[in-house]
Amino acid sequence: MDEVKLRRYRNLLTISGTGVIAFGVWSVIKTILFMTLTPDYLRLNDIGDIGDIGEAGMTVVKIFAFTVLGVIMAIELLLRLYIGLSARAEGNGKKKRIVYVVVAASLLLLSLWSIITSLHVSEYGSLLDMAVSLLLELTSAAAFFETIYASCMVRRLQKKAKEG
């Protein structure tokens, strides 16, 4: 019976790891689409009087802001790739350290914090936009949670199998 549970949790680990990667790719695509389809995405003109920096100065500020945003997106994608690939490897029977589970738990907490702090309809175009965004964020958080849970169950069942 434990062997059946172990296979089920390994399968869940593989699927949830794939989900973590997929939501990382979606996050990058969503950000790029939002930046290209939303005029003045960064709303740099709304930040008040930042001095007389002119058009060239504003271009430098935008390049800097996009670079920082790109680095943040790259770090998020790399972390999700690390978690997802590690979960898939462990789901396929390879021994992995618990570091990826700790990173997944950290990103889950950040994701939940982001969901809680972004529950303002005024930040979205409509209530439907907010609902869709919230649903996607909750699904992404669920992928993290399933990865953590399945990894813990696989480890527990493997330990139980070694002992008995």
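As the structure is a prediction and not an experimental result, all values here were calculated from the model.
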| query | Within a strict 4.5 Å, meaning less than it, do heavy atoms of the I32 and M73 side chains meet? | reply | yes
| request: May I ask whether L37 and I29 are part of the same hydrophobic cluster, defined by side-chain heavy atoms of I, L, V, M, F, W, Y residues being less than 4.5 angstrom apart, directly or through others? | output: yes
| said: For A141 versus I115, what's the shortest heavy-atom pair and its separation? | reply: CB-CD1, 4.5 Å
| task | Say whether, by atom type as modelled, one donor and one acceptor occur between the side chain of S140 and the main chain of L136 under 3.5 angstrom. | result | no
| query | Where is the tightest heavy-atom contact between L13 and A87, given as atom of each residue plus distance? | reply | CG-O, 3.3 Å
| field | side chain to side chain contact (heavy atoms under 4.5 Å, CB included) partner of E90, the single match among R10, R155, K95 | value | R155
| task | Could you walk me through whether L107 and L110 pass side chain to side chain contact (heavy atoms under 4.5 Å, CB included), step by step? | result | CA-CA 5 Å; L107 287 181; L110 285 173; 4.1 Å; yes
| Just by distance, do the side chain of S106 and the backbone of V102 share a donor-acceptor pair under 3.5 Å? | yes
| message | Can you tell me if F145 has over 12 outside heavy atoms packed within less than 6.0 Å of its CZ? | response | no
| remark: Of all heavy-atom pairs linking I63 and T67, the shortest is O-OG1, 2.7 Å
| request: Could you walk me through whether R80 and F144 pass side chain to side chain contact (heavy atoms under 4.5 Å, CB included), step by step? | output: CA-CA 9 Å; R80 285 177 176 266; F144 280 128; 3.6 Å; yes
| field | Separation between CD of E146 and OG1 of T139, rounded to the nearest 0.5 Å | value | 10.0 Å
| Same cluster or not: are I72 and F66 linked, directly or through other Ile, Leu, Val, Met, Phe, Trp or Tyr residues, by side-chain heavy atoms under 4.5 angstrom apart? | no
| query | L33, V28: one ILVMFWY side-chain cluster at the under-4.5 Å cut-off? | reply | yes
| R7 backbone acceptor or donor facing N11 side chain under 3.5 Å | no
| request: With side chain to side chain contact (heavy atoms under 4.5 Å, CB included) as the test, would you mind laying out the steps for Y100 and L85 before giving the verdict? | output: CA-CA 9 Å; Y100 86 92; L85 292 174; over 6 Å; no
| task | For the pair S27 (side chain) and F23 (backbone), establish whether a donor and an acceptor sit closer than 3.5 Å, ignoring hydrogens and angles. | result | no
| task | Treating Ile, Leu, Val, Met, Phe, Trp and Tyr as nodes and any side-chain heavy-atom pair under 4.5 angstrom as an edge, say whether I15 and L81 lie in one connected cluster. | result | no
| task | Would you give the length of the straight line joining atom CZ of R88 to atom NZ of K96, rounded to the nearest 0.5 angstrom? | result | 12.5 Å
| said: If hydrophobic clusters are built from ILVMFWY residues whose side chains come within less than 4.5 Å, do Y149 and L157 share one? | reply: yes
| said: Let me confirm one number: the CD-CG distance from Q158 to L6, rounded to the nearest 0.5 Å. | reply: 5.5 Å
| field | Minimum heavy-atom distance A143-S16, with the two atoms named | value | O-CB, 3.9 Å
| message | The test is side chain to side chain contact (heavy atoms under 4.5 Å, CB included); show your working for L12 and R8 and say whether it passes. | response | CA-CA 6 Å; L12 178 60; R8 184 175 356 128; 5.7 Å; no
| query | Judged by atom type as modelled, is there a donor-acceptor pair below 3.5 Å linking the side chain of S86 to the main-chain atoms of I83? | reply | no
